[in-house]
Amino acid sequence: MALTYTWKINSLKKQDNPSAELNDIIVQTYWECTGTNEDNNSGTFTGATPFDPDRVDPENFTSYEDLTEAQVLGWIQAEVNGNPNYKAHIDEQIQKQINAIVRPIVEVKDNALPWAEPSANTTPPTANT
């Protein structure tokens, strides 16, 4: 089943870099990626992506006030998609959550096992007549 993904930024951290004369450089992002299948079952992966302030190109720097969510999500997605193992891990965690909804695992306690003796507190079922 193909998943549809929705990305959301929960928070950011920013820092100044006086040597480059840049302020409010994004150095950390906290985000969620939610995958939803065609039956509307979904799972969410929560992640954090750091960015090195010393790698910012002053010629292509976007001031904090001018940043858009789409731009920052693009940075995050480039990091995620640039690491196939990390992307696979995210997809796997989302799929596990969806599988738990579609095919839940039910724990059976010892007193409910098929071979368990009826407990003294349990009244055997009776037929309705």
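This structure is a prediction, so every number in the text was calculated from the model and none was measured. Quick note: numbers below take in every heavy atom, side chains included, and nothing from hydrogens, waters or symmetry partners.
- To the nearest 0.5 Å, atoms CG (Asn41) and CD (Gln95) are separated by 9.5 Å.
- Between the side chain of Thr29 and the backbone N or O of Thr49 there is at least one donor-acceptor pair closer than 3.5 Å.
- Between the side chain of Asp16 and the backbone N or O of Asp24, at least one donor-acceptor pair lies under 3.5 Å.
- No single ILVMFWY cluster, assembled from side-chain heavy atoms under 4.5 Å apart, contains both Val102 and Ile105.
- Nearest heavy-atom pair across Gln15 and Pro53 is OE1-CG, 3.3 Å.
- In Asn40, the CG atom is not crowded: 12 or fewer heavy atoms of neighbouring residues, nucleotides or ligands sit closer than 6.0 Å.
- Across Asp66 and Gln71, no two heavy atoms sit closer than the pair O-OE1, 4.3 Å.
- Looking at heavy atoms from C-beta onward, Ile98 lies in side-chain contact with Leu3 at the 4.5 angstrom threshold.
- The local environment of OH in Tyr5 is crowded, with over 12 non-hydrogen atoms from other residues, nucleotides or ligands closer than 6.0 Å.
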As a quick check of understanding, evaluate side-chain contact (heavy atoms from CB on, under 4.5 Å) for Asn17 and Val56, giving each step before the final call. CA-CA 10 Å; Asn17 185 343; Val56 173; over 6 Å; no
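- Clustering ILVMFWY residues whenever any of their side-chain heavy atoms sit less than 4.5 angstrom apart, transitively, puts Leu73 in the very cluster that holds Ile90.
- Across all non-hydrogen atoms, the minimal contact from Tyr86 to Gly47 is OH-CA, 4.3 Å.
- Smallest separation of non-hydrogen atoms from Ile9 and Glu69: N-OE2, 3.8 Å.
- No donor-acceptor contact under 3.5 angstrom links the side chains of Glu79 and Asn83, judged on distance only.
- Each of Val80, Val72, Thr34 was evaluated against Trp7; a single residue qualifies, Val80, per the side chain to side chain contact (heavy atoms under 4.5 Å, CB included) test.
- Among all heavy-atom pairs drawn from Gly82 and Pro84, the shortest one is O-CD, 3.6 Å.
- Distance check, rounded to the nearest 0.5 Å: CD of Glu92 to CG of Asn85 gives 11.0 Å.
- Residues Phe61 and Ile26 are members of separate hydrophobic clusters, defined by side-chain heavy-atom contacts under 4.5 angstrom among Ile, Leu, Val, Met, Phe, Trp and Tyr.
- How far CG of Leu22 is from NZ of Lys14: 13.5 Å, rounded to the nearest 0.5 Å.
- In this structure, Gln97 and Phe45 have side chains that are not in contact, with every pair of non-hydrogen atoms separated by 4.5 Å or more.
- Judged by distance alone, with hydrogens and angles left aside, the side-chain atoms of Asp52 form a donor-acceptor pair with the main-chain N or O of Asp54 at under 3.5 Å.
- Taking each heavy atom of Ser42 and Ile101 in turn, the nearest pair found is O-CD1, 3.4 Å.
- From Asn10, atom CG reaches atom CG of Leu12 across 9.5 Å, with rounding to the nearest 0.5 Å.
- Taking 4.5 Å as the limit, some side-chain heavy atom of Leu67 sits within range of a side-chain heavy atom of Trp75.
- With hydrogens and angles disregarded, a donor-acceptor distance shorter than 3.5 Å links the side chain of Asn81 to the backbone of Gln77.
- Both Ile76 and Ile94 belong to a single network of hydrophobic side chains, linked directly or stepwise wherever heavy atoms of I, L, V, M, F, W or Y lie under 4.5 Å apart.
- Taking SG of Cys33 as the reference point, atom NZ of Lys87 lies at 6.0 Å (rounded to 0.5 Å).
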